[in-house]
Structure formats: structure tokens, C-alpha cells
Amino acid sequence: MSAQVEPLGTKEIEDRLAELPGWSAEGELLCRRYAFDGHLPAAAMVIHIAQIQEELGHHADLTLGYNRLTVAVNTHSAGGRITHLDFGLAERIEEIAPGHGAR
Ligand SMILES: C[C@H](O)[C@H](O)[C@H]1CNC2=NC(N)=NC(=O)C2=N1
């Protein structure tokens, strides 16, 4: 049984966003849009993110477009609010993004 995860407050979200260039809070979603030089690198990053999500047990909505990938995540178990789990996933995604040519 997992512990209750509390939503982050506005100040906490702002402070953590300051450490994550490119990410923003859009409503109750933590978001980032990546651009790529091709469609396949974007698709490969989707698979890599999915592996990380399974490892963490935390899953974003991933929208694959033409040479684009949008990541949007909040925590369902916290009523669809932004929590430290969302920032943890975002940080892991940022680590792998350069290796996929994401910008
Ligand atoms: C049991 C499992 O870990 C939970 O259902 C996880 C799965 N992935 C999840 N992903 C997100 N974004 N929020 C959750 O609350 C969540 N819960």
C-alpha cells in the first residue's frame, strides 16, 4: 500500500520549475514540448520514457506528433494535481532528452 501523496503548493511548483528549463505548469499539468530533427527519434524517446515510467510506476500522457513530442503529467492519486512524483519523472526525462536529440 503506497503512502498518500500531497499536491505541491504554488510556491513549491515555481521553485521546482526554476530548476527545469522548458517545463511549465499548465493548469494542473506539468508539461514540456520537445522538438526533433526527425519523427523516428521522437518515437524512440516515447519508448524510452515508457520504460522509465514503468520503472517509476508513474505515467505521463505522451503525444507524438510530426517531429514533436508533448509530455503532460499530474498525479491521479492526488486528485489530478502536481506532486513531487511528477517532477521526479520530469527530471528523469530531462536526463535522457539530449541523447535523443530532443530540444
Ligand atoms: C499502482 C500504480 O503504481 C498506480 O496506479 C500509478 C500508476 N501510474 C500513475 N501515473 C500517474 N500520473 N499518476 C498516478 O497516480 C499513477 N498511479
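Fair warning: this is a prediction, and the values are worked out from it, not measured in the lab. All ligand and atom numbering here is 1-based and tracks the order in the structure.
Note on Leu8 and Leu29: separate hydrophobic clusters, where clusters join Ile, Leu, Val, Met, Phe, Trp and Tyr whose side-chain heavy atoms are under 4.5 Å apart, directly or indirectly.
His39 contributes no side-chain N or O that, together with a main-chain N or O of Arg68, makes up a donor-acceptor pair within less than 3.5 Å. Checking side-chain atoms of Asn74 against main-chain N and O of Ile82 turns up no donor-acceptor pair under 3.5 Å. Although no hydrogens or angles enter the test, the distance criterion places no donor-acceptor pair under 3.5 Å between the side chain of Ser24 and the main chain of Glu26.
Side chains of His84 and Glu6: no donor on one and acceptor on the other come within 3.5 Å.
Shown in contact with Ser77 at under 4.0 Å from a heavy atom are these atoms of ligand 1, numbered in order with element: 15 (O).
Where the criterion is an N or O separation shorter than 3.5 Å, residue side chain and backbone included, His59 meets it with respect to ligand 1. Polar contact check, Gly57 against ligand 1: a nitrogen or oxygen pair lies under 3.5 Å apart. Residue Thr75 places no N or O, backbone or side chain, under 3.5 Å from any N or O of ligand 1.
Ligand 1 has at least one atom lying under 4.0 Å from a heavy atom of Asn74.
Under 4.0 Å is where a charged nitrogen must lie from a carboxylate oxygen, and between Arg81 and Asp86 no such pair does.
Distance screen at 4.0 Å: atom 3 (O) of ligand 1 has a protein heavy-atom neighbour inside the cut-off. Less than 4.0 angstrom separates atom 11 (C) of ligand 1 from at least one non-hydrogen atom of the protein.
Among protein heavy atoms, the minimum distance from atom 13 (N) of ligand 1 is reached at His76 N, 3.1 Å.
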